[in-house]
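Contents: one structure, followed by commentary.
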Amino acid sequence: MKKFILDLHVVERQLLHREYVLLKLTNPDAALPEMCPGQFAELRVDASKTTFLRRPISINFVDYERNEVWFLIRMIGDGTRALGLLREGDTLNAVLPLGNSFTMSGAQFPKVSDDASLLLVGGGVGTAPLLFLGSELKKRGYKPVFLLGARTAGDLLELEEFSKIGELFTTTEDGSQGERGFVVHHSVLQSRKFSWIYSCGPKPMMQAVAAYAAAAGRIPCEVSLENKMACGVGACLCCVENTKEGHKCVCKEGPVFNTEDLLWQN
Amino acid sequence: MRVQGRPGIQYGGFVMAELSVQIGKLQMKNPVMTASGTFGYGLEFEDFMDISRIGGIIVKGTTRYHREGNPYPRMAETPSGMLNAVGLQNKGVEYFCEYIYPQISGIDTNMIVNVSGSAVEDYAETARMINSLEKIPAIELNISCPNVKQGGMAFGVSAKGAAEVVSAVRKVYDKTLIVKLSPNVTNIAEIACAVEAAGADSVSLINTLLGMAIDAERRRPLLSTVTGGLSGPAVKPIALRMVWQVAKAVKIPVIGLGGIMNATDAIEFFLAGASAIQIGTANFIDPATCVKVIDGINDYLDRHHYSSVQEIVGALEL
């Protein structure tokens, strides 16, 4: 997929909860390029004196009709804070789309006609790419099931958007919404049988989801990994994950990996 | 505004300056190169610009044998720069010759291989194998990478060690030999002179500066190797100073690098004595930096009524 360097314009900024900001951006010059769920953008941070490198942020949603791309920003450091404090009308330089994407077809992939049951498990800001993924799956005739977890009810983001796309289950650590506890303890994992699992969130959560998938009859499980990146295009080899085939770049050969290829069990 | 045209020919009031330079036997259409390890094999950046416009593309560090590199984390952002400890991850020179070379040999510019090693014989053997590749007109010898425990550091920090590896490679390599110098030395001009005497056609400097970053909250280093190589604008003043010192000390052309983010930075290196420059870390911030720098150098030369880039090499007024 061809990559672009674009000066995007902020058309909407929503403070979702405390440190979470949703940015909706448009390309004023042309139609946005085609992007796939799981891919990310390298966003240049201009308004922070302490930030030098771009910030890799996953694509939250693409609205081709409105020519909008959405990014969910968790303001956690100086760089992401500067991004989260952008205002409507500001310009944001983005390199996109980067990385591989979640599997949505192929010989191994369950068919709609086979009553496929696809589970999308997200934690915290890691729920971001699952919105785009769910909507693309829905377009293809699937009925995605979301299982989203967070610390508190307020940390569960974009629930209205998710519920428009598919069935939604939630957990919170404090019990303020959905079942109390972690996503891997949610009752839906026991009551339903899934044929494919996607996950994005904190690494311990994804590892627990991978362990569940393996134990529940080796359900194929894809995870989107996070990593500190410099180039974002596979040139600098900084953001490696150790896999069964050696070091792989999360930015180019990921961020989506099948958990069978990772060394998480060791 | 950029005007297309041949050097020296006037187009509607604009004169295209002569940007071509010669490094050893290497003819370059302009003095802008990419720094090894920051530009992959060039192919990663094809979507962003016409990479054949770049004067020379120095590809990833290549060693005699496969190297898996250092464990994660390999990178830490620092004020105006970054530390890296990649550890020369590459699949070895045989893999390069068989699988990478066919993919890059058609790129219409100078494709240069950065060669590294942990023993003199490995450097020589790697260089000898690359010597036979028709479309690789030069190599850059990395005698300075600070990341590798058993790597090039030992060669690059002494005049004797540097000369030893350069002599060994010179015996088996007859194309343009560039030697990349380490800044982690007391007297870089002395090393440069030793490398020149051993047969180098050019020196490039500076490689990364040895640095360190700590996570105070966790009381742990930010890199798996504790220390790593610092690059980016943070190192530019040191790089300029070293280029200036080395350019005065040697007769061979000097290639300057270290924190160049734009054409103005590049001009500063020419004024300090560099005949060509390399763009490294800037590729991560703006993947199209190289072509912008080429255009910007041309604009500077036009604006100051120079007809060629050679006129400003070492033209610092004291």
On a heavy-atom basis, which atom in A235(A) and which in G40(B) lie closest, and how many Å separate them?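 So the minimum-distance heavy-atom pair works out to CB-N, 3.5 Å.
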Closest non-hydrogen atom pair between C238(A) and M82(B), with its separation: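 Shortest heavy-atom separation between C238(A) and M82(B) comes out as SG-CE, 4.1 Å.
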Relative to chain A, which segment of [X] carries a heavy atom at a distance below 4.5 Å: side chain, backbone, both, or neither?
X	answer
F45(B)	side chain
A76(B)	neither
T78(B)	backbone
M49(B)	neither

So which of P233(B), G81(B), G69(B) has the biggest tally of heavy-atom pairs under 4.5 Å with chain A?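 Top count of heavy-atom pairs under 4.5 Å with chain A: G81(B).
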If we define contacts as heavy-atom pairs under 4.5 Å, which of M75(B), E68(B), E44(B) has the most with chain A?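 Heavy-atom pairs under 4.5 Å are most numerous for E68(B).
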Could you tell me whether the side chain of [Y] reaches within less than 4.5 Å of the side chain of [X], counting heavy atoms only?
X	Y	value
V233(A)	P287(B)	no
K228(A)	L222(B)	yes
N84(B)	C236(A)	no
Q89(B)	V240(A)	yes

Please report the interatomic distance [atom1]([X]) to [atom2]([Y]), rounded to the nearest 0.5 Å.
X	Y	atom1	atom2	result
I285(B)	F52(A)	CD1	CZ	4.0 Å
L88(B)	L237(A)	CG	CG	10.0 Å
F284(B)	L53(A)	CZ	CG	8.5 Å
D286(B)	R54(A)	CG	CZ	6.5 Å

Can you confirm whether more than 12 heavy atoms, excluding those of [X], are under 6.0 Å from its [atom1] atom?
X	atom1	value
F182(A)	CZ	no
E226(A)	CD	no
K2(A)	NZ	yes

As an exercise: rank G79(A), C231(A), G246(A) by heavy-atom pairs under 4.5 Å with chain B and give me the winner.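 It is C231(A).
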Engaged part of N227(A) at the chain B interface, taking heavy atoms whose separation is under 4.5 Å: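 Answer is both: backbone and side chain atoms of N227(A) are under 4.5 Å from chain B.
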Is chain B contacted by the side chain of K252(A), its backbone, both, or neither, given a heavy-atom distance below 4.5 Å?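 For K252(A), the side chain is the part near chain B, not the backbone.
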Do the side chains of E46(B) and K3(A) get close enough for a salt bridge, i.e. N-O under 4.0 angstrom?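 No, no charged N to carboxylate O under 4.0 Å.
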Backbone of T51(A) reached by a side-chain donor or acceptor of E77(B) within 3.5 Å: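 Checking the backbone N and O of T51(A) against the side chain of E77(B), no donor-acceptor pair under 3.5 Å is found.
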Are H247(A) and R74(B) close enough that a side-chain donor and a side-chain acceptor fall under 3.5 Å?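 Yes, because at least one side-chain N or O of H247(A) sits under 3.5 Å from a partner of the opposite role on R74(B).
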